[in-house]
Every structure is written in structure tokens, then in C-alpha cells.
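Everything below concerns the one structure shown next.
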Amino acid sequence: MELDAQFFMVAIPAVLFAGISKGGFGSGAAFAAASILAVALEPGQALGIMLPLLMLMDVANLRPYWKKWSAPDAKLLILGALPGVALGAWLYTIADADVFRLLIGTISIAFVAWQMGLKLGLIRAARAELPLWAGALAGATAGFTSFVSHAGGPPAAVWLLSRKLGKTPFQATTVIVFWAVNIAKFVPYAFLGIFTAQTMLADLFLAPVALLGAWLGVKAHHMVPERAFFALTYVLLTLTGIKLIWDALT
């Protein structure tokens with residue numbers, strides 16, 4: 001991995017995009033940064049670069065959403081996520097890079113399909129309150145997809161949407177859940193060698209971009225319609241998802 005102009009031409013917009021989404025503007029699309037980076041880098045390198053930056057964004061976002069979350073839902077999702085993180089760590093020890101390209105690409109396409117289904121009314125949030133086991137399952141799925149692609153948002157959203165939370169409690173719960181999940185991921189990432197001197201150096205350069213994106217996301221959450229951002233998200237994820245799946249299968 002070379003930290004050259006070509007790397008930063010891809011990394012800076014990707015990280016800025018992730019920060020804006022993590023700040024509450026983009027409905028869980030922050031993982032698009034890892035998908036975009038995985039096109040240019042090995043999946044492990046992309047995941048290793050993004051996790052410390054996502055954790056930095058989490059810290060920046062805790063203050064504006066502090067104690068605005070639904071504590072019971074957050075606890076259930078966090079506890080449920082731990083087995084999912086463990087499963088992701090186990091898979092990383094036995095799978096090669098193409099398996100992760102395929103997973104990241106598939107999750108990217110699935111995210112677009114999920115969001116389009118919601119917009120078109122083909123997918124609807126559960127009208128009746130889901131049982132607790134469904135929340136634990138959503139947490140486990142979120143933990144796994146978060147480990148392999150930083151894409152735990154959609155599974156968590158399935159549960160949170162059924163709880164009929166308002167916009168800000170929904171976002172605040174997402175923030176605290178993935179703050180905890182990302183901490184849980186950090187230890188196995190370090191143990192598995194996903195972090196390297198190069199990924200940490202890249203993080204030092206990209207940290208200001210991550211903080212700027214998080215700040216912009218919080219502002220946009222309260223002020224700006226998300227339509228254009230969603231459109232860009234769907235295009236980027238569709239293109240990167242197709243590219244990653246193609247690379248994995250060929």
C-alpha cells in the first residue's frame with residue numbers, strides 16, 4: 001500500500017463521505033468508505049484503515065447525541081453483536097481476500113436494495129413490536145456484517161425501525177451501539193494483524209478529514225434534505241459492489 005496521490009484521491013472523499021454519514025446524514029452508509037477503499041486496496045487494508053477513523057467519528061458524535069438514545073434497545077443490540085463479531089473474526093482466520101471482496105460487494109448491493117425497497121414501499125418496518133429474540137438476532141447480524149465490512153447499520157435498523165423511534169433517538173441509538181461494537185472489533189482486528197504501520201500512518205493523515213465529515217454530518221442532520229446524498233450513496237455502492245464481486249469471482 002503506497003500513501004501516494006492516487007491513494008489520497010480515493011481515500012479523502014471516501015472518509016469525508018463516511019464522516020458525513022456517521023454524523024447522522026445518510027442512514028448508515030458510512031461503510032461505503034470501506035467498500036470504495038476495498039476496490040483500490042486489499043480488503044484487510046481497507047478495513048484496517050477505516051476502523052480507527054470510524055471510532056474517531058464515534059467519539060466526535062457522542063456529544064451531540066449524548067443520552068438521546070433508547071437505552072434498552074442499545075443494550076440489546078450491543079450484547080447481540082458480540083457473537084457476530086466473534087464469528088466475523090473466525091471467518092477472517094480461514095477465508096482469503098476474495099471471500100471478503102465478495103462479502104463486501106454483496107453487502108453493498110444489498111444495502112442499496114434495502115434502501116430502495118424502503119423508499120418504494122416494498123419493504124416496510126414492522127408494524128407490531130418485534131420480540132426480543134429478533135433484536136438479539138439483529139444485533140448478531142450487525143456484529144458480523146460490521147466486522148467483515150463495517151456495514152452493521154441495516155440489520156440494526158430493522159430492529160430500531162420496528163421500535164418507532166424518532167429521527168434523533170434512532171440516530172443516537174445507532175451512534176452508541178456502533179461506538180461499542182467498534183471497540184469490540186478493535187481487539188480481534190489487532191490480534192489478526194489487520195492494523196499495520198501503514199494503515200495507522202494513513203489514519204494520522206485522514207483523521208482531520210474524518211472529524212470534518214462528522215461535524216458536517218451533524219449539521220446536515222438538522223438542516224439539509226438527504227435526497228441528493230442518498231442518490232450519490234446508491235450509485236457509489238452499486239458500482240463498487242459490482243466491481244468487488246467481479247474481482248472476487250474472476
Side-chain angles (χ1 to χ4, degrees), residues 1-22 26 28-57 88 91-92 95-113 115 145-154 178 182 185-186 188-190 192-214 216-217 229-250:
M1 183 177 70
E2 296 292 333
L3 301 183
D4 53 14
Q6 184 176 356
F7 168 80
F8 286 107
M9 285 177 64
V10 175
I12 289 176
V15 172
L16 185 65
F17 187 89
I20 292 171
S21 182
K22 287 285 281 185
F31 81 96
S35 301
I36 294 167
L37 287 176
V39 173
L41 305 172
E42 288 294 310
Q45 292 174 329
L47 295 175
I49 288 172
M50 284 309 303
L51 181 57
L53 295 175
L54 292 172
M55 294 175 74
L56 181 62
M57 296 171 198
L91 180 64
Y92 192 88
D96 62 18
D98 281 335
V99 172
F100 275 77
R101 288 190 182 95
L102 183 60
L103 283 171
I104 295 171
T106 301
I107 291 169
S108 298
I109 299 296
F111 179 85
V112 175
Q115 293 292 347
T145 56
S146 182
F147 190 96
V148 302
S149 65
H150 299 316
F178 289 102
N182 285 337
K185 286 156 51 180
F186 190 90
Y189 268 46
L192 294 168
I194 295 176
F195 300 130
T196 66
Q198 283 182 309
T199 66
M200 299 307 289
L201 181 60
D203 286 332
L204 287 176
F205 286 119
L206 293 170
V209 181
L211 291 173
L212 174 61
L216 290 172
F229 189 87
F230 277 132
L232 178 60
T233 299
Y234 300 158
V235 171
L236 287 174
L237 283 173
T238 300
L239 293 176
T240 56
I242 292 170
K243 178 66 165 60
L244 287 167
I245 292 171
W246 176 262
D247 289 347
L249 297 179
T250 59

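Predicted, not measured: the structure shown is a model, and the values here were computed from it. Below, each value reflects all heavy atoms present in this structure, side chains not excepted, and no hydrogens, waters or symmetry copies.
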Subject >> Closest non-hydrogen atom pair, His150 against Ala34 >> reply: CD2-CB, 3.9 Å
**OP:** Starting at CD1 of Ile49, measure out to CG of Leu54 and round the result to the nearest 0.5 Å.
**Re:** 11.5 Å
Subject >> Distance in Å, Leu16 CG paired with Leu216 CG, rounded so as to fall on 0.5 Å steps >> reply: 6.5 Å
Original post:
How would you list, by chain and number, every residue that makes a side-chain contact (heavy atoms from CB on, under 4.5 Å) with Leu211, sequence neighbours excluded?
Top reply: Leu56, Ala60
Original post:
Under a 4.5 Å cut-off applied to non-hydrogen side-chain atoms, are Val148 and Val99 in contact?
Top reply: no
Original post:
For Met200, which residues count as a side-chain contact (heavy atoms from CB on, under 4.5 Å) partner, sequence neighbours excluded?
Top reply: Pro52, Phe195, Asp203
Original post:
Can you list the steps and then say if Leu201 with Phe205 is a side chain to side chain contact (heavy atoms under 4.5 Å, CB included)?
Top reply: CA-CA 7 Å; Leu201 181 60; Phe205 286 119; 3.8 Å; yes
Original post:
Tell me the salt bridge (Lys or Arg N to Asp or Glu O under 4.0 Å) pairs involving residues 8-21, sequence neighbours left out?
Top reply: none
Original post:
What's the spacing between Lys243 NZ and Ile104 CD1 if we round to 0.5 Å?
Top reply: 13.0 Å
Original post:
Ile194 and Tyr92: side chain to side chain contact (heavy atoms under 4.5 Å, CB included), yes or no, with the steps?
Top reply: CA-CA 10 Å; Ile194 295 176; Tyr92 192 88; 3.6 Å; yes
Subject >> Donor-acceptor contact present, side-chain Thr106 to main-chain Leu103, <3.5 Å >> reply: no
**OP:** Can you sort out the partners of Ser146 under side-chain contact (heavy atoms from CB on, under 4.5 Å), two or more places apart, ordered by chain and number?
**Re:** Phe178, Val181, Asn182, Lys185
Original post:
Are Ile242 and Ile245 close enough, and set up right, to give a side chain to side chain contact (heavy atoms under 4.5 Å, CB included), and what steps lead you there?
Top reply: CA-CA 5 Å; Ile242 292 170; Ile245 292 171; 6.0 Å; no
Original post:
What are the two closest heavy atoms between Met57 and Val15, and how far apart are they?
Top reply: CE-O, 3.8 Å
Subject >> Minimum side-chain heavy-atom gap Leu91-Phe147 below 4.5 Å >> reply: no
Original post:
Taking only residues two or more places apart in sequence, or in another chain, which ones meet Ala97 in a side-chain contact (heavy atoms from CB on, under 4.5 Å)?
Top reply: Glu42, Pro43, Arg101
Subject >> Ile109 versus Thr238, closest heavy-atom pair with distance >> reply: CD1-O, 3.6 Å
Original post:
At their closest point, which heavy atom of Phe100 faces which heavy atom of Leu47, and how far apart are they?
Top reply: CD2-CD1, 4.3 Å
Original post:
Looking only at heavy atoms, which two atoms of Ile107 and Ser149 are closest? And how far apart?
Top reply: CD1-OG, 3.4 Å
Original post:
If you look at every heavy atom in Leu3 and Gln198, which pair is closest and at what distance?
Top reply: CD1-O, 4.2 Å
